[in-house]
2 protein chains.
Amino acid sequence: MTEGPAPARTSARAATIYEVARLAGVSHQTVSRYMADRSKLRAATSEKVERAMAELKYTPNLTARSLRTKGTYRLLALVPGSSPYFPSRMLSGAATTAQAAGYQLDVVALEGTGPERTERLRRILDGGPFAGALSFVPISGPDLLQAQERIPVVVAGDYDDQMRGQGRISDGSAARAIVAHIAALGHHRIAHIAGPQEWPAARNRLAVYRRAVQEAGLEDCGSAEADWSAASGYAAANALLTGPSFTAIFAANDQLAIGAIRALHDRGLRVPADVSVVGWDDHPESAFLIPSLTTVHMDLEAQGSRSMEQLLVALKPGGTPLPEPGPTGMRLVLRESSGAAPIPAATGAGQTSLEP
Amino acid sequence: MTEGPAPARTSARAATIYEVARLAGVSHQTVSRYMADRSKLRAATSEKVERAMAELKYTPNLTARSLRTKGTYRLLALVPGSSPYFPSRMLSGAATTAQAAGYQLDVVALEGTGPERTERLRRILDGGPFAGALSFVPISGPDLLQAQERIPVVVAGDYDDQMRGQGRISDGSAARAIVAHIAALGHHRIAHIAGPQEWPAARNRLAVYRRAVQEAGLEDCGSAEADWSAASGYAAANALLTGPSFTAIFAANDQLAIGAIRALHDRGLRVPADVSVVGWDDHPESAFLIPSLTTVHMDLEAQGSRSMEQLLVALKPGGTPLPEPGPTGMRLVLRESSGAAPIPAATGAGQTSLEP
DNA sequence: CACTATTATGTGATCGATAACATGAGGGCG
DNA sequence: CGCCCTCATGTTATCGATCACATAATAGTG
């Protein structure tokens, strides 16, 4: 079978509370109390313990502690293992917030699909070392319920769905702004390249797109589903080009926009002279592309941090039920990839043509 | 002070070996042995245990196990917290390999600088739950030695330095190929945009560049140091443009190349007609840029996996000292951003180029 | 000053697993 | 048949911390 784990290196064996206690001339429990709340000790005792700890370079054994308390200082972050398109800045925001609250955040990739993945999820949670989990990966309803029997689980981005249920849309304002921008530029026909629909963010952006297009009185020339990659954005744009003609594309993230721009380029269509393209996320590179990308800037760190706060609230026994997920500092960033709609007569040749 | 961690949810308390043992009518130790090596048990006993485990949905408490064995099934991956330029594919390669060997890989961001960071590193390792660490972040010599007193620590990419010490350069062949490619296109003057020099990969690429340029008989028009971002690539290219003129830029990664191309574009220089630009890493988007990027493809997953193998070897008590880090499936990918050197007379305005 | 209320500290049990040692059943051999 | 040896299984100790309770020390009150 699998080989067992290697034993820890024995060279620099860490001191225990018993050794500290002996050196300080107190009981082990006093040392334990020192760590829990030193104000409960007499100043003289406290100082003896402190000195002993320093001398032995004592650090508590967290494994032993959590065996006893069951409480654990570890939280779990589930990230997509396979997709390199996961914004790691969300993770770092979440990690910072977790650490500030005294938790350590462990990142585990959740791969696979279906029952196999469910099984993996169960195994991870059953090990028991985690106090809660924050998933950046979509989790199906039944799986989520099963997981939540063990520990609180928050799925980042799911509030998007809830918001939509309440008639509000969390990404709404920026998306409306982007569509309004397109409309103001004189465009009438627009298409969408959507992300994988099991992602709340992708669902949300698609919904926002549809609503905003309707509100602005534009014509929806369809949407194509893609994964989050530039390659699939390329394919999706090509697919859209076989349908009704349009003069603007709204892509669900910047990579998709990059792929779309290239697809247009390869067909001889200029961006933005013939077709405008807007992205979403404002990747650090997007300002330097040619053409630079009009996109929606997201404060991904704040978003990760906020998701973590939701989890932290859920961890507290009497935690308040819903931490209002306020706006996330999104804003429209106008750059070169969006421009005035082409004058119909001038571009007739380019748009109506379908070539292999 | 900091609030303690929350207690674990008690709803679905997990079964222990004692409960399994009682249900199966055996001793708890027999259950333990079943997990360690079921072939040591009589078939009948083994089956009783198996049934009891299934009925109680038993899963071992890893915390308790590792308290007793000291051995721990957890490995640590240190990643740069702040830099979004860390290739997460390396991480996923490492994680896969770790899991195959029966380890769980926990990812922790190592941020900050100087003594503060050293302290953070010490605290992470002292907690004691890790059997070993794989760092994707550069660690200074003294810090590394201190860390290695506790557990084996492997710094990914450091073998680059060792290789250079041995007169070999691990990235060598591909870099030589890229410079040869530039030379074959008729370029004579080339410049380099380097990554942060505390990163082994950045040092290595710079060294490789210098050697290859010399071997190919090209003229080195200098190198500018940058962080890994497109923004700093933009600034570095502008800085290089104030120096001796050149017709090719070799950037240490794709983002830097993107920034450089944009800087050239903003100065009215065409890529590749006036200046060729090559990158390194072959990001998934690089094929879709305009112009698409000539770059060095890296099998980042394999590289992460190989680093993990090094660590796994170091974990074994009698582990062989050096796991030969073979070639990593690098290859030159030729795309649009590199092309024939401009004919001196034709480009006089942009580049006051003279034959050497 | 005696006597209780409070606070500080010590003692033993415990979390859930494995390690070390003890014991019992069965088999081989003289 | 009895002795010893092996193999399967049971019993008790242990990892390093906290918890629950007991006890010693101090403070407060009439």
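Every chain is numbered from 1 and lettered A, B, ... according to where its sequence line falls, protein lines coming before strand lines.
When the P atom of C:dT7 is taken as reference, atom CD of A:Q29 falls 18 Å away, rounded to whole Å. The nearest whole Å value for the distance from the CD1 atom in B:I17 to the P atom in C:dT14 is 16 Å. Counting to the nearest Å, the P atom of C:dA8 and the CG atom of A:L41 are 8 Å from each other. Computed from coordinates, the A:L67 CG to D:dT14 P distance equals 17 Å when rounded to whole Å. Across the protein-nucleic acid pair, B:K40 atom NZ and C:dT18 atom C1' stand 15 Å apart, rounded to whole Å. To the nearest angstrom, P of D:dG10 lies 15 Å from CZ of B:R22. For B:D37 and D:dC7, the CG to P distance is 13 Å, given to the nearest whole Å. Separating the CD atom of B:E19 from the C1' atom of C:dA17 is a distance of 13 Å, rounded to the nearest angstrom.
You won't find any donor-acceptor pair under 3.5 Å spanning the side chain of A:H28 and the base of C:dT9, going by distance alone. Side-chain atoms of B:R68 stay outside donor-acceptor range of the base of D:dG16, with no qualifying N/O pair under 3.5 Å. Residue side chain B:R65 does not reach the base of C:dT18 through any donor-acceptor N/O pair under 3.5 Å, judged by distance alone.
The shortest distance between the side-chain N/O atoms of A:S27 and the OP1/OP2 oxygens of C:dG10 is below 4.0 Å. Distances shorter than 4.0 Å separate some side-chain N or O of A:S32 from OP1 or OP2 on D:dT18. Applying the 4.0 Å criterion to OP1 and OP2 of D:dA17, one finds that A:Y58 has a side-chain N or O inside that range. One finds a side-chain N or O of B:T45 lying less than 4.0 angstrom from the OP1 or OP2 phosphate oxygen of D:dT9.
Taking a cutoff of 4.0 Å between a charged side-chain nitrogen and a carboxylate oxygen, B:R51 and B:E47 qualify as a salt bridge.
Within the 4.5 Å cutoff, the side chain of A:K48 has no heavy atoms near those of the A:T30 side chain. Between A:V49 and A:R38 the shortest side-chain heavy-atom distance does not fall below 4.5 Å.
Residues A:Y18 and B:R42 each lie close to DNA chain C; by heavy-atom proximity, the contact nearer the 5' end of the strand is made by A:Y18. Residue B:A36 is the one, among B:A36 and B:R33, whose nearest nucleotide of DNA chain C lies closer to the 5' end (criterion: closest heavy atom).
Taking every side-chain heavy atom of B:T69 into account, C:dT18 is the closest of C:dT18, D:dT9, C:dT9. Relative to the side chain of A:A64, the nucleotides D:dG16, C:dT11, C:dA17 differ in distance, and D:dG16 lies closest.
Residue contacts shown for B:Y34 are absent, as no nucleic acid heavy atom lies under 4.0 Å away.
Between the CG atom in A:L312 and the OH atom in A:Y103 there is a gap of 6.5 Å [rounded to 0.5 Å].
Distance alone, capped at 3.5 Å, places no donor-acceptor pair between the B:S305 side chain and the B:E301 backbone.
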